Structure formats: C-alpha cells, structure tokens
Amino acid sequence: QVQFVESGGGLVQPGGSLRLSCAASGYGAKYYAIGWFRQAPGKEREAVSCISGSEPVYADWVKGRFTVSRDASGYTVYLHINNLKPEDTAVYYCATEAWVSCAGFGSDWSRGIDSWGQGTRVTVSS
C-alpha cells in the first residue's frame, strides 16, 4: 500500500508562495499517478491537480497559480502555489489508488481513496 507524508504548509500572507511536498512510499509508488486534493474548513474535499508520467492535469478552477511536479525518483511530488489567496486556506493532501493516469481527474476521485495522510495545513492570512 502506498503511503504519503505531506509537508510544506504554513501561515502565509496573501500574495505569497508555498511549495508543498508529498513524499510517497510503498511498492509501485513511483509509477502511479498521484493527485493533490484540498479541504477547506466546512467544505468538501476538492481536487487540485494530478501528475503521472505525462502532462499534469489541473482542476477547472485552477487558474495558473498552481504547478505540480515530480522529482526524478518519482517518489516525491510537489505542488507550488503562487499568489496565495485567503480562499486557498485548506488542508492539502496527496493520494492515489494506484491510478495509471490522470485522465478524467476530478473531485469524485477522492471518494475512492481508502486512506489519507495527515495532510499539510495552509493558512493564508494577513
């Protein structure tokens, strides 16, 4: 089973940037498509981005402020967020269910995930 440890969150002023990290472990982790999700206070978890071996996929609401990448080992995935806004305040998670691609990635994919990491909390406030 693939496990994840998210890190890199914190308190940031509006307009700032963060790079979130997602360290994956477990058999096959480096081969799977990995998704980033976030859950804001009082809201449902929503999809942010997904990365596999090809072009990353972003949720429709992402307007160019988010960039997902993966290191050469395949075990670490990053989510770089620019121009942070208060509405980005959320706990950010990465996950996979042994996905082989990101085609069709969306928030409904979160419903099939059995186990979540602890996430990393991002708070955007002045």
Side-chain angles (χ1 to χ4, degrees):
Q1 184 178 0
V2 178
Q3 295 182 318
F4 297 97
V5 176
E6 302 92 343
S7 62
L11 174 62
V12 185
Q13 291 188 343
S17 299
L18 276 178
R19 188 182 76 166
L20 307 183
S21 298
C22 165
S25 61
Y27 180 78
K30 68 177 186 177
Y31 300 112
Y32 298 142
I34 294 175
W36 278 100
F37 300 83
R38 72 180 188 180
Q39 187 165 22
K43 295 188 177 181
E44 292 190 353
R45 202 168 318 213
E46 65 177 347
V48 179
S49 180
C50 177
I51 188 165
S52 61
S54 56
E55 286 295 312
V57 172
Y58 296 94
D60 290 341
W61 59 266
V62 173
K63 302 296 185 184
R65 297 187 296 115
F66 293 71
T67 304
V68 64
S69 62
R70 196 165 191 163
D71 75 352
S73 75
Y75 285 101
T76 302
V77 175
Y78 302 100
L79 183 68
H80 198 124
I81 314 172
N82 292 321
N83 191 21
L84 279 154
K85 302 178 179 182
E87 52 263 41
D88 295 320
T89 295
V91 179
Y92 287 72
Y93 304 87
C94 52
T96 191
E97 280 295 319
W99 302 320
V100 296
S101 87
C102 295
F105 178 73
S107 296
D108 57 322
W109 285 33
S110 68
R111 301 189 193 111
I113 296 170
D114 293 328
S115 178
W116 294 90
Q118 84 288 350
T120 186
R121 185 176 300 275
V122 173
T123 303
V124 185
S125 175
S126 55

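Here, residue 1 is the first one in the sequence, and each next residue gets the next number. None of these values were measured; they are calculated from a predicted model.
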### Task
Assess whether atom CG of Asp108 is packed by more than 12 heavy atoms of other residues, nucleotides or ligands within 6.0 Å.
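More than 12 within 6.0 Å, yes.
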Spell out, yes or no, whether [X] and [Y] are grouped together once hydrophobic residues are joined by side-chain heavy atoms under 4.5 Å, including indirect joins.
X      : Y     : answer
Val91  : Ile34 : no
Trp61  : Tyr93 : no
Ile51  : Tyr75 : no
Val122 : Phe66 : yes
Val57  : Val62 : no

Sub-6.0 Å ring centroid separation between [X] and [Y]:
X     : Y      : answer
Tyr27 : Tyr32  : no
Trp99 : Tyr31  : no
Phe37 : Trp116 : yes

Counting only N and O atoms by type, is there a donor-acceptor contact under 3.5 Å from the side chain of [X] to the main-chain atoms of [Y]?
X      : Y      : result
Trp109 : Gly104 : yes
Arg45  : Gln39  : no
Ser21  : Tyr78  : no
Tyr58  : Val68  : yes
Thr96  : Ala33  : yes
Ser49  : Trp36  : no

### Query
Should Leu18 and Leu84 be marked as a side chain to side chain contact (heavy atoms under 4.5 Å, CB included) after you check the CA-CA gap, both sets of side-chain angles, and the distance that decides it?
CA-CA 8 Å; Leu18 276 178; Leu84 279 154; 3.9 Å; yes
### Query
Any side-chain heavy-atom pair from Ser73 and Lys30 closer than 4.5 angstrom?
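When only atoms from C-beta onward are counted, Lys30 and Ser73 do not touch, as no gap falls below 4.5 Å.
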### Message
Do Leu79 and Val48 have side chains that approach each other closer than 4.5 Å (heavy atoms only, starting at C-beta)?
### Response
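Yes, their side chains come closer than 4.5 Å.
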Shortest non-hydrogen contact from [X] toward [Y]:
X      : Y      : answer
Ser52  : Cys102 : N-SG, 3.7 Å
Cys22  : Phe4   : SG-CD2, 3.3 Å
Val2   : Ala24  : CG1-CB, 4.4 Å
Ile113 : Glu97  : CA-OE2, 3.4 Å
Ala47  : Ala59  : O-CB, 3.3 Å

### Query
So how far is it from His80 NE2 to Ser17 OG, rounded to the nearest 0.5 Å?
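One gets 4.5 Å once the value is rounded to the nearest 0.5 Å.
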#### Entry: Sole residue of Glu6, Glu46, Glu87 in salt bridge (charged side-chain N to carboxylate O under 4.0 Å, His left out) with Arg38
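For Arg38, the salt bridge (charged side-chain N to carboxylate O under 4.0 Å, His left out) check succeeds only for Glu46.
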### Query
Between Asp114 and Gln1, does a side chain to side chain contact (heavy atoms under 4.5 Å, CB included) hold up when you go through it step by step?
CA-CA 11 Å; Asp114 293 328; Gln1 184 178 0; 5.6 Å; no
### Message
Applying side chain to side chain contact (heavy atoms under 4.5 Å, CB included) to Cys94 and Val77, what does each step give before you reach the verdict?
### Response
CA-CA 9 Å; Cys94 52; Val77 175; 6.0 Å; no
### Message
Is there a side chain to side chain contact (heavy atoms under 4.5 Å, CB included) between Arg65 and Ile81? Walk through the geometry before answering.
### Response
CA-CA 6 Å; Arg65 297 187 296 115; Ile81 314 172; 4.2 Å; yes
